[in-house]
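Sequence lines set the chain letters: A, B, ... in the order given, protein chains first and strands last, and positions in each chain run from 1.
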Number of protein chains: 2
Amino acid sequence: MSTFGEHVRELREQRRAGDAGFSVRQLAARVGVEPSYLSKIERGQQPPPSEKTILSMAAELGEDPDVLLALAGKVSGELQAVILKRPKLFAELIRQLKDLPDHAVLRIAREVRDGEW
Amino acid sequence: MSTFGEHVRELREQRRAGDAGFSVRQLAARVGVEPSYLSKIERGQQPPPSEKTILSMAAELGEDPDVLLALAGKVSGELQAVILKRPKLFAELIRQLKDLPDHAVLRIAREVRDGEW
DNA sequence: TGGTATGTGTAGTATACACTACACGCATGA
DNA sequence: TCATGCGTGTAGTGTATACTACACATACCA
């Protein structure tokens with residue numbers, strides 16, 4: 001697995017191949033940070049930025065916010081809020097799901113979505 | 001719902017009714033913080049302490065760690081680690097479960113535990 | 001060859017986090 | 001009365017977080 005910075009750099013360079021607006025400077029401007037800061041993040045000289053900044057990056061780069069947050073070692077505040085409302089319930093469930101294979105977890109998500117509960 | 005501090009104070013005073021070892025000073029000593037710090041936390045003059053300290057408090061007070069952490073607005077690092085390993089999967093699932101009633105979430109946890117997956 | 005854009009280096013800053021150290025006044029019991 | 005324990009007030013500390021500001025060298029291109 002790549003680091004947060006490496007992954008961002010990769011995404012940005014992919015976008016840049018077809019769109020010159022994805023230079024460090026221009027992306028930084030749209031994301032709302034200084035270019036040197038973004039540069040350092042991409043090269044791992046700075047730790048990943050705040051959740052707010054990561055979400056802005058994800059939107060600009062067309063990446064899944066949860067994935068980018070995860071590379072930064074963060075769980076989104078939105079998800080945390082869901083857990084915090086019913087901590088016992090969700091704590092127990094998540095621990096149960098910890099070692100379940102992907103397809104099983106996915107199946108539960110689908111069944112819930114399809115209203116079988 | 002009570003705040004973190006109020007809840008801790010309540011728990012401590014309950015324990016104290018039958019065990020003099022639950023003074024602010026003695027509990028603080030066992031938890032590993034200064035008495036004045038614990039006192040301030042209980043009265044809401046300080047924000048909740050670190051996860052480590054909260055877990056120590058939960059153990060001493062016989063409270064569910066996830067519940068105490070939740071009152072502090074924190075999700076345990078252990079749970080976060082589970083989510084961070086498969087962010088897409090868990091993010092999707094948790095969002096699906098957001099508005100599900102307690103009994104339904106509980107039923108899923110039980111069925112997973114009982115090996116029906 | 002002068003203007004513009006690029007990535008990056010150095011230095012500094014404001015704020016929050018997570019506490020400690022010590023002192024004070026009150027109560028109790030020997 | 002005085003040692004012990006109690007809760008709490010004031011002040012200060014070290015570290016991390018999340019950045020900004022500005023300067024520099026390089027490359028393109030008109």
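Using a 4.0 Å cut-off on heavy atoms, the residues of residues 41-73 of chain A that approach DNA chain C are A/Arg43, A/Gln45, listed by number. Against DNA chain C, the stretch residues 19-40 of chain B makes heavy-atom approaches under 4.0 Å through B/Gly32, B/Val33, B/Glu34, B/Ser36, B/Tyr37, B/Lys40.
Minimum heavy-atom separation, B/Ala72 to B/Ile54: CB-CD1, 3.5 Å.
Residue B/Arg12 has no polar side-chain atom (N or O) positioned under 4.0 Å from OP1 or OP2 of D/dC6.
Salt bridge present: A/Arg30 and A/Glu60 bring a charged side-chain N and a carboxylate O closer than 4.0 Å. Salt bridge B/Arg43/B/Glu6: absent, no basic N to carboxylate O contact under 4.0 Å. Taking a cutoff of 4.0 Å between a charged side-chain nitrogen and a carboxylate oxygen, A/Asp66 and B/Lys88 do not qualify as a salt bridge. Salt-bridge formation is detected for the pair B/Glu111/B/Arg107: a Lys NZ or Arg NE/NH1/NH2 atom is positioned less than 4.0 Å from an Asp or Glu carboxylate oxygen.
Criterion: ILVMFWY side-chain heavy atoms under 4.5 Å apart, direct or through other members. Under it, B/Leu89 and B/Leu100 are part of a common hydrophobic cluster.
When atom types are taken as modelled, the side chain of B/Arg12 and the backbone of B/Phe22 share a donor-acceptor pair closer than 3.5 angstrom.
For the residue pair A/Ser50 and A/Thr53, a side-chain donor N or O sits within less than 3.5 Å of a side-chain acceptor on the partner.
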